[in-house]
Amino acid sequence: MLIQLNNIHKDYGQGDNLVKALDGLSLQVEKGEMVAVMGKSGSGKSTLLNVIGGLDTIDRGDYFFNDDRIIFTNQNQLARFRHNKIGFIVQNFALIGRKTVFDNIALPLKYNRLARSEIKTKVMAAISNMGLQDKVNRYPYQLSGGQCQRVAIARALINEPALLLADEPTGALDSRTEEEVMRVLLEFNRQGKTMLIVTHDSNIASLCHRTVHILDGKEVALE
């Protein structure tokens, strides 16, 4: 078991403004699974991803990742966990505009203080894997949406994380580019990568092994 969430609670605000973003949610994800997370806006989907990725804390409950309990009060542990275990992909790509394709992908490796030669080897392999060989020195504004998302995927995978979290990864793309990006994600899943994908698109969900439906911060079973 890669992910085990037990009775997770996450509240925002207080009194009349209290919002129960996660209300006793429990979830298990096996290694190698590709899971879609669906629900209306405000249902708790993004909060769930942020908790799993260590970007947000919880108020109550237990979170185990690969049988290790995640301690949300230890910020140093959380930072290491995010950096070493989690890859993030978001709808707007989150690329740094002043950096080239090479430098955007290399960023996580530079945080690890790898030697320049090792960084170059890893990044060029990732660029080749994504079919971006002719875009190495381009900037994000010079790329199409699909190319930007492939750069973001390469960056998310460069540290070989145990889990890839994608929040509406095709939401800003046209249908043809969406198919292109999903082919990339499906290939990485076939290689054993575990993925959670937040999506409103039933076509995307149909490509995953199973779908988790969230309503008012809880997982619900649809009849």
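The first residue of the sequence shown is numbered 1, and numbering continues consecutively from there. The structure displayed is predicted, hence computed values, not measured ones.
- Without hydrogens or angle criteria, N6 side chain to G61 main chain gives no donor-acceptor distance under 3.5 Å.
- Scanning both residues, F188 and M130, for their nearest heavy atoms gives CE1-CE, 3.3 Å.
- Note that the CD atom of Q133 and the CD1 atom of I127 stand 8.5 Å from one another [nearest 0.5 Å].
- Side-chain contact between F88 and R155 is absent, with no heavy-atom pair separated by less than 4.5 Å.
- No path of Ile, Leu, Val, Met, Phe, Trp and Tyr side chains, each step under 4.5 Å between heavy atoms, connects L95 with Y139, placing them in separate hydrophobic clusters.
- In this structure, the separation between CD1 on I52 and CD1 on I58 is 11.0 Å, given to the nearest 0.5 Å.
- Tested against K193 for a side chain to side chain contact (heavy atoms under 4.5 Å, CB included), the candidates E187, E160, E33, K31 yield a single pass: E160.
- No side-chain donor-acceptor contact under 3.5 Å links N84 and N159.
- Taking CD of Q77 as the reference point, atom CG of D68 lies at 8.5 Å (rounded to 0.5 Å).
- Taking both residues in full, the closest heavy atoms of G87 and P161 are given as N-CB, 3.6 Å, listed atom of the first, atom of the second, then distance.
- A donor-acceptor pair is defined here as one N or O able to donate and one able to accept, closer than 3.5 Å; such a pair exists between the side chain of Q149 and the backbone of V90.
- D174 and T177 form a side-chain donor-acceptor contact under 3.5 Å, judged by distance and modelled atom types alone.
- With values rounded to the nearest 0.5 angstrom, L5 atom CG is found 10.0 Å from D62 atom CG.
- Separation of atoms CG (N129) and CD1 (I153) is listed at 11.0 Å; rounding is to 0.5 Å.
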- Item | Intermediate values then yes/no, side-chain contact (heavy atoms from CB on, under 4.5 Å), N66 and M1 | CA-CA 6 Å; N66 208 17; M1 188 71 61; over 6 Å; no
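- Closest heavy-atom contact between L143 and C148: CB-SG, 3.8 Å.
- Contact check for P140 versus N104: side-chain heavy atoms found under the 4.5 Å cut-off.
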- Message: Pair Q4, F65 - check side-chain contact (heavy atoms from CB on, under 4.5 Å), show working.
- Response: CA-CA 7 Å; Q4 184 166 344; F65 189 92; over 6 Å; no
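- Residues I158 and A126 share a closest heavy-atom pair of CD1-CB, 3.8 Å.
- Side chain to side chain, D167 and S46 meet the donor-acceptor criterion of an N or O pair below 3.5 Å.
- Under a hydrophobic-cluster definition in which Ile, Leu, Val, Met, Phe, Trp and Tyr are linked whenever side-chain heavy atoms come within less than 4.5 Å, directly or via other members, F93 and M182 are assigned to the same cluster.
- For R176, the CZ atom is loosely surrounded, since the number of other residues' heavy atoms within 6.0 Å does not exceed 12.
- The closest donor-acceptor contact from the side chain of R69 to the backbone of F64 lies at 3.5 Å or more, if one exists at all.
- For the residue pair K45 and V37, the shortest heavy atom distance occurs at CD-O, 3.9 Å.
- Side-chain N or O atoms of E118 include none that pairs as donor or acceptor with a backbone N or O of A115 at under 3.5 Å.
- Using a 4.5 Å heavy-atom threshold, the side chains of L164 and I86 count as separate.
- Listed by chain and number, the residues in a side chain to side chain donor-acceptor pair (under 3.5 Å) with R138 amount to none (sequence neighbours excluded).
- When side chains are defined from C-beta on, N137 does not count as touching V101, because their heavy atoms never get closer than 4.5 Å.
- Inter-residue side-chain proximity for Q91 and P169 is flagged as unmet; no heavy-atom pair is nearer than 4.5 Å.
- Proximity of a side-chain donor or acceptor of T170 to a complementary backbone N or O of L173 within less than 3.5 Å is not detected.
- Residues that satisfy the side chain to side chain donor-acceptor pair (under 3.5 Å) test with T194, not counting sequence neighbours, are absent from this structure.
- Other residues, nucleotides and ligands contribute over 12 non-hydrogen atoms within 6.0 Å of the NZ atom of K110.
- Taking a cutoff of 4.0 Å between a charged side-chain nitrogen and a carboxylate oxygen, D56 and K10 qualify as a salt bridge.
- No side-chain donor-acceptor contact under 3.5 Å links S128 to the backbone of A125.
- Of the candidates L196, V198, I197, L196 is the only one forming a side chain to side chain contact (heavy atoms under 4.5 Å, CB included) with L165.
- Side-chain contact annotation: E168 with H200, donor-acceptor N/O pair under 3.5 Å present.
- Using a 4.5 Å cut-off on side-chain heavy atoms (C-beta onward), E180 and R183 make contact.
- Put simply, the side chain of H9 never gets that close to the backbone of R60: no donor and acceptor are under 3.5 Å apart.
- Residues K122 and I105 form no side-chain contact, since every pair of their non-hydrogen atoms from C-beta on lies 4.5 Å or further apart.
- You'll find the side chain of R80 stays beyond 4.5 Å of the side chain of H83, heavy atoms only.
- Under a hydrophobic-cluster definition in which Ile, Leu, Val, Met, Phe, Trp and Tyr are linked whenever side-chain heavy atoms come within less than 4.5 Å, directly or via other members, L49 and I89 are assigned to different clusters.
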- Message: Let's go through I214 and M38 carefully: what are the C-alpha distance in whole Å and the side-chain angles of both, what is the deciding distance for side-chain contact (heavy atoms from CB on, under 4.5 Å) to 0.1 Å, and is it a yes or a no?
- Response: CA-CA 6 Å; I214 305 296; M38 300 189 76; over 6 Å; no
- Message: Go through it in stages, so that I can follow the logic: the residues are L185 and M195, the test is side-chain contact (heavy atoms from CB on, under 4.5 Å), and I'd like the CA-CA distance, side-chain angles, deciding distance and then a yes or no.
- Response: CA-CA 9 Å; L185 293 179; M195 299 184 188; 4.2 Å; yes
Pairs under 3.5 angstrom only: tabulate donor-acceptor contacts from the side chains of residues 22-29 to other protein residues two or more places apart or in another chain.
{"unit_1": "S26", "atom_1": "OG", "unit_2": "N7", "atom_2": "N", "d": "2.8"}

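- A donor-acceptor pair is defined here as one N or O able to donate and one able to accept, closer than 3.5 Å; such a pair exists between the side chain of R82 and the backbone of G54.
- Looking at Y63, its side chain never comes within 3.5 Å of a backbone N or O of V51 through a donor-acceptor pair.
- Looking only at distances, no side-chain donor or acceptor of K20 sits under 3.5 Å from a matching main-chain atom of D11.
- Note that CD1 of I119 is 11.0 Å distant from CZ of R113, once rounded to the nearest 0.5 Å.
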